Each structure stands twice: as C-alpha cells, then as structure tokens.
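Below is one structure, written out as structure tokens; the observations come after it.
So that the names make sense, note that chain A is the first sequence line, chain B the second, and so on, each numbered from 1. What you are looking at is a predicted structure, and each value in this text was computed from that prediction instead of being measured.
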Amino acid sequence: MIDLRLVRDDPEQVRDSQRARGEDPEAVDRLLAADAGRREAVSTADALRAESNTASKAIRSASADERPGMIERAKSLKAQVQEAEAAQAAADAALLEAHRAVPNVVSDGPPGGEDDFEVLREVGAKPTLENPRDHVELGTMLKAIDVDRGAKVSGSRFYFLTGVGALLEFGLLQLAMNQAMDAGFTPVIPPALVLPHAMEGTGFLGAHAAEVYRVDDHYLVGTSEVPLAALHGNEIFDAADVPRRYAGFSPCFRREAGSYGKDTRGIIRVHQFDKVEMFSYVAPEDAADEHQRLLAWEEQFLSALELPYRVIDVAAGDLGSSAARKFDCEAWLPSQARWLELTSTSNCTTYQARRLNIRYRSDAGTAPVATLNGTLVAMPRAIVALLENHQQADGSVVVPAALRPYLGGREVLTPA
RNA sequence: GGUGGAGUCGCGUAGUGGCCGAGCGCGCACGCCUCGAAAGCGUGUGACGGUGCAAGCCGUCCGUGGGUUCAAAUCCCACCUCCACCGCCA
C-alpha cells in the first residue's frame with residue numbers, strides 16, 4: 001500500500017503515476033474520499049467510547065441509589081458505541097479496499113506499456129553461429145533435458161533435468177550462493193507453500209491471482225520473494241538491523257495461465273523451476289541505491305556465465321503493483337535471435353512493507369522499511385542461455401570458467 | 001493423529017470481574033553522584049489510530065476472532081501457535 005500522507009499531500013503525483021501505468025487516476029480520488037470517511041467514523045466512535053468509559057467507571061463509586069439509573073445510561077451509551085463501531089468497521093474496510101486498489105507510485109522509469117522499455121546498455125558479444133541449435137536439441141543431445149518425458153509424466157511445460165542438466169543446476173546454485181554470501185547475503189531455504197496472508201501481503205493475489213496454484217489452505221509460491229518478504233511480517237527492525245539481505249533458494253510454481261502459444265518449445269516457460277532470489281530490507285532513503293546494487297549483482301552473475309545480455313528499464317505499465325521501478329536483464333537467445341528475460345529486479349519501496357507491516361526504528365521514529373527483490377539465477381532460463389550461447393558446431397557446449405569447479409573441472413559438455 | 005501444559009508492554013514474570021486503561025525485575029535511555037567508570041539514587045521507557053501549529057488530549061491493543069456484562073488480561077465459545085509425552089513417518 002502506498003503512503004496515505006502522500007495521497008493527502010500530493011494527490012496529483014499519484015494520479016500522474018496512475019496515468020504512467022495506464023491505470024485509472026480516479027482511484028486516487030476514491031482513496032481520498034474513503035480516507036476522509038474513515039477519519040470521520042473514527043472520531044465519532046472515539047468520542048462515544050470515551051463517554052461510555054467515563055460513565056461506566058463512575059458506577060463503581062456510586063451509591064446504591066444512584067446505580068440503577070447510571071447503569072441504564074451506560075447501557076444506552078453502549079448501544080450507541082456498538083453502532084458507531086459498526087460504522088467504523090465499514091469505513092475501515094472501505095478504506096482498505098480503496099487503498100489496495102492503488103499500485104505503488106512509479107519512479108523515474110519510462111511511462112507506457114510492455115514495449116515502451118528503455119534499453120540501458122548491452123554487454124558482451126553475441127556469438128557468431130551458423131544455424132545455431134536450440135536448447136531443446138542441445139539438451140537432448142547432451143541428455144541434459146528431457147521435455148518429452150516431462151510431458152508424459154506431468155503434462156505440458158514440465159521437464160526432467162538429467163545428468164549434466166541436473167549438474168548444471170547444482171553448479172549454478174553453488175556459484176550463485178557463493179557470490180551472494182560474498183556480498184553479505186544470508187542463504188535461505190524458505191517454505192514453498194505459504195498461507196494466504198503471505199501471498200496477499202506480497203501482492204500476488206491481485207493481478208497475478210490466476211498465476212497461482214492453490215493446495216488446500218496453502219498457496220504454492222511463484223517466487224521465494226513471497227516467503228522472504230513475509231519472513232519479517234509484523235516485525236520492527238532496529239536501525240542497525242538494516243540493510244538485511246537474504247538469498248532464497250526455492251522451487252517456483254506458476255500456472256502460466258494465458259500464455260498459451262508463448263514459448264511453447266523447451267523450458268523457457270514452465271510450471272515448476274528452481275530459483276535463487278535476492279531480497280533486501282533497507283531504509284527507504286537507501287532503496288534506490290540498493291536497487292542499483294541488486295542490478296549490479298545480477299550483472300556480475302551473468303558476466304561470470306559469460307553471457308551476452310542487455311539491461312532494460314521496464315516501463316510503468318509493465319510493473320507489478322508493488323514495484324516502483326524494475327530493471328530486467330535479458331540474455332541473447334541465438335536460436336530465436338531475440339532477447340530473453342533472465343533476471344528481474346524490483347524496487348518496491350515501502351509498498352510491500354506497509355502491507356506486511358514491516359518497520360524499523362530510526363531517530364525519526366518507527367516507519368516502514370523498503371523492500372527490494374532481484375533474481376540471481378532462475379535455473380531453466382540460465383541453462384537455456386548457457387547451452388545456446390556456448391554451443392559449438394558439433395553440438396558440444398563450453399562450460400564457462402566460473403562454473404567448471406562445480407562440474408568436476410569439466411571444460412566442455414559433449415554429446416554422449 | 002492422541003493426551004496434557006502454556007501464550008501478558010524488548011526479555012523474564014505478577015495478575016481469577018471495577019484499586020490492572022496492566023505491577024515488579026532485567027535491559028535500554030537520560031540525569032545526579034564520580035577525575036572517569038562501576039555501584040547507588042532518580043526519571044523515563046511500546047505499537048497503532050484520531051485530533052491539534054505544538055505541548056498535549058482522546059481512543060484501541062494482555063496469541064487471534066467471537067460472546068456474556070454498565071465494566072473482561074480475568075468468565076464462556078471457537079481457532080492459532082509453542083512446549084512436553086505417546087503413536088506414526090522421510
């Protein structure tokens with residue numbers, strides 16, 4: 001949720017943000033009205049409660065004669081309080097609904113929709129390959145990826161990673177975790193099933209609700225951002241506790257509803273995959289700098305894998321509701337001669353923390369922290385990019401030097 | 001899954017209907033004392049909301065949600081979590 005003070009003090013800024021996202025600026029005015037309505041209801045109820053408390057307290061020291069009349073008066077006050085409290089509850093609910101309807105205020109990124117991103121830089125040389133094989137062909141030759149049997153066992157968009165495919169994931173995991181720990185992250189294995197409040201608090205039951213699998217009373221997370229954000233829900237950090245950084249490794253589950261026909265081949269878009277996610281809790285004034293650091297760590301990792309990539313500044317209309325700004329790193333995909341999103345980092349400022357009630361104590365008092373997340377490595381797409389970019393004419397794949405220690409020193413993966 | 005016990009202001013605890021709208025100890029902060037410190041003494045100590053220029057005032061919060069009552073930490077109901085033991089199990 002956004003800061004209500006901002007809405008009261010500078011509603012036009014929030015309306016501008018809505019326009020940049022291509023969403024309704026009127027939502028801001030509905031929020032202002034709900035806010036005013038709630039404050040009035042609270043004042044009314046507070047005053048009645050105060051009167052009722054006083055009347056009730058006086059009974060204790062009253063004489064036996066006075067009592068019956070005073071109790072009658074207290075009873076009637078109580079009835080009024082109950083009425084006012086019902087009105088307050090309704091006003092609270094209305095405010096919450098209007099509050100949640102407004103996504104985070106965008107900052108600095110380009111306005112517009114999915115195609116209005118801005119390319120910030122391109123790093124590394126695209127490989128020169130004649131008739132490059134795609135990752136499915138390479139993965140099959142290496143006996144690393146088995147999509148046919150994945151479909152046989154679990155349906156479309158499932159796969160087996162076998163042999164060197166599995167080893168690649170383990171290697172990527174180790175490399176990622178080591179880099180994260182060097183940067184001061186705490187490694188975490190979080191739960192992959194969470195309660196509704198955790199999913200709700202991170203904003204994944206809004207526009208993304210159709211993406212989420214549900215099992216009995218739990219949701220399957222689509223990213224470990226969810227448990228890592230909810231980890232400190234309802235807590236207050238001391239100022240010295242931030243920044244705090246976690247690197248979570250978890251499976252991720254996505255229904256991929258509405259993506260029929262997109263990325264149907266191979267393991268680019270799948271229902272289940274593993275990912276290492278960076279998550280930071282920082283003081284709000286440090287959030288923009290932390291966002292740059294997360295991006296730098298993502299780039300460091302892509303560089304270690306020797307992948308050609310570009311960085312884009314995602315347009316406002318393509319941001320999630322919690323994000324104020326987002327950068328994606330896209331690796332080159334030789335088989336399709338296009339860029340493929342490999343990592344993504346979002347600055348959620350205090351939006352998510354306000355929903356999850358995560359604060360820190362500073363000299364200025366208690367205030368919501370800022371939260372940020374960024375992909376360090378999403379396994380299937382990293383493997384896709386590795387295989388395709390480092391392939392050789394014979395179908396063998398060169399292992400980047402940084403990964404070799406985790407693959408028994410192997411320099412090249414060769415078809416069996 | 002079964003049985004029993006427990007959840008109170010950072011931590012430990014007191015508290016079985018109105019003197020608890022929460023006491024004490026520890027911790028922490030400030031002050032006094034001191035050359036400095038410790039000890040000692042004193043004062044203070046949370047969150048959220050409303051209102052106000054502000055000081056302040058008012059309201060809410062004793063795991064959560066309901067209920068009884070003029071009045072609930074305290075009584076009733078449901079739920080959650082933790083601990084112990086038993087059973088089962090990777």
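Across the interface with RNA chain B, nearest-nucleotide mapping of A/Ala45 and A/Ala367 shows A/Ala367 to be the residue nearer the 5′ end. Of the residues near RNA chain B, A/Arg359 and A/Arg49, the one whose nearest nucleotide (by heavy atom distance) lies more toward the 5' end is A/Arg359.
Pair assignment for B/rC53: none, as no Watson-Crick or G-U wobble contacts are both less than 3.5 Å. Nucleotide B/rU43: paired with B/rA29 (Watson-Crick or G-U wobble, both distances less than 3.5 Å). Across all strands shown, B/rC89 remains unpaired; no Watson-Crick or G-U wobble contact has both distances below 3.5 Å. B/rC82: Watson-Crick or G-U partner is B/rG5, with both key distances under 3.5 Å. In this structure, B/rC20 makes no Watson-Crick or G-U wobble pair, since no nucleotide meets both defining distances under 3.5 angstrom. Base pairing of B/rC35: no nucleotide in any strand meets the Watson-Crick or G-U wobble criterion (both distances under 3.5 Å). As the counterpart of B/rU69, no nucleotide is assigned, since no Watson-Crick or G-U wobble pattern has both distances under 3.5 Å. Pair assignment for B/rU74: none, as no Watson-Crick or G-U wobble contacts are both less than 3.5 Å.
Closest non-hydrogen pair, A/Val28 versus A/Pro11, comes out as CG1-O, 3.9 Å.
Residues that satisfy the ring pair (Phe, Tyr, Trp, His ring centres under 6.0 Å) test with A/Phe279, not counting sequence neighbours, are A/Tyr281. Scored by the side chain to side chain donor-acceptor pair (under 3.5 Å) test, A/Glu277 finds A/Lys275 as partners (sequence neighbours excluded). With sequence neighbours excluded, the residues that form a side chain to side chain contact (heavy atoms under 4.5 Å, CB included) with A/Ala198 are A/Val194, A/Val226, A/Ala230. Contacts of A/Glu85 classified as side chain to side chain donor-acceptor pair (under 3.5 Å), with partners at least two apart in sequence or in another chain: A/Arg49. Every residue two or more places apart in sequence or in another chain was checked for a side chain to side chain contact (heavy atoms under 4.5 Å, CB included) with A/Ala94, and none qualifies.
Following rounding to the nearest Å, A/Asp238 (CG) and B/rU45 (P) show an atom-to-atom distance of 19 Å. In this entry the distance linking CG of A/Asp217 with P of B/rC80 reads 10 Å, nearest Å. When rounded to the nearest whole Å, the span between CG of A/Leu195 and P of B/rC80 equals 11 Å. One interatomic measurement links the two molecules: CG of A/Asn234 to P of B/rC80, which rounds to 19 Å at whole-angstrom precision. Rounded to whole Å, atom P of B/rC61 lies 14 Å from atom CG of A/Asp92. Distance A/Glu51 CD to B/rG59 C1': 14 Å, rounded to the nearest Å.
Using a 4.0 Å cut-off between a side-chain N of Lys or Arg and a carboxylate O of Asp or Glu, A/Asp313 and A/Lys326 do not qualify as a salt bridge.
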Item to complete: Show your working on side-chain contact (heavy atoms from CB on, under 4.5 Å) between A/Asn373 and A/Thr345 and close with a plain yes or no.
Response: CA-CA 6 Å; A/Asn373 60 80; A/Thr345 177; 5.7 Å; no

Practice prompt. Mind running side-chain contact (heavy atoms from CB on, under 4.5 Å) on A/Thr223 and A/Arg254 for me, showing each step along the way?
Written response: CA-CA 9 Å; A/Thr223 162; A/Arg254 302 185 179 184; 4.0 Å; yes

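Remark: the separation of the P atoms in B/rG67 and B/rC89 is 45 Å, to the nearest Å. Rounded to the nearest Å, the gap between the C1' atom of B/rU43 and that of B/rU51 is 29 Å. Comparing B/rC9 with B/rC85, their P atoms sit 27 Å apart, to the nearest whole Å. Comparing the P positions of B/rG31 and B/rC24 gives an interatomic distance of 23 Å, to the nearest angstrom. B/rA55 and B/rU45: their P atoms are spaced 15 Å apart (whole Å). Nucleotides B/rA47 and B/rA54 are separated by 23 Å at their C1' atoms, to the nearest Å. Rounded to whole Å, the separation between the P atoms of B/rU60 and B/rU74 comes to 15 Å. Rounded to the nearest Å, the gap between the P atom of B/rA73 and that of B/rC62 is 7 Å.
For residues 240-252 of chain A, the pairs satisfying side-chain hydrogen bond (donor to acceptor under 3.5 Å, both in side chains) are A/His232-A/Tyr246, A/Arg244-A/Tyr246, A/Arg245-A/Glu290, with sequence neighbours left out.
For B/rU60, one of the phosphate oxygens OP1 or OP2 lies less than 4.0 angstrom from a side-chain nitrogen or oxygen of A/Asn53.
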Show which side-chain atoms of residues 168-182 of chain A pair as donor or acceptor with protein atoms under 3.5 Å away, not counting sequence neighbours.
residue: A/Asn178; atom: ND2; partner: A/Gln174; partner atom: O; Å: 3.3
residue: A/Asn178; atom: ND2; partner: A/Tyr406; partner atom: OH; Å: 2.8
residue: A/Gln179; atom: NE2; partner: A/Trp297; partner atom: O; Å: 3.0

Quick one: which protein N/O atoms are closer than 3.5 Å to N/O atoms of nucleotides 49-51 of chain B? Pair and distance per line, please.
residue: B/rG49; atom: O3'; partner: A/Arg38; partner atom: NH2; Å: 2.6
residue: B/rG49; atom: N2; partner: A/Asp46; partner atom: OD2; Å: 3.0
residue: B/rG50; atom: OP1; partner: A/Arg38; partner atom: NH2; Å: 2.9
residue: B/rG50; atom: O2'; partner: A/Ser43; partner atom: OG; Å: 2.7

Worksheet item: Once each nucleotide of nucleotides 62-76 of chain B is scored for protein heavy atoms under 4.0 Å, what B/S/- sequence comes out, 5' to 3'?
Response: --------BS-----

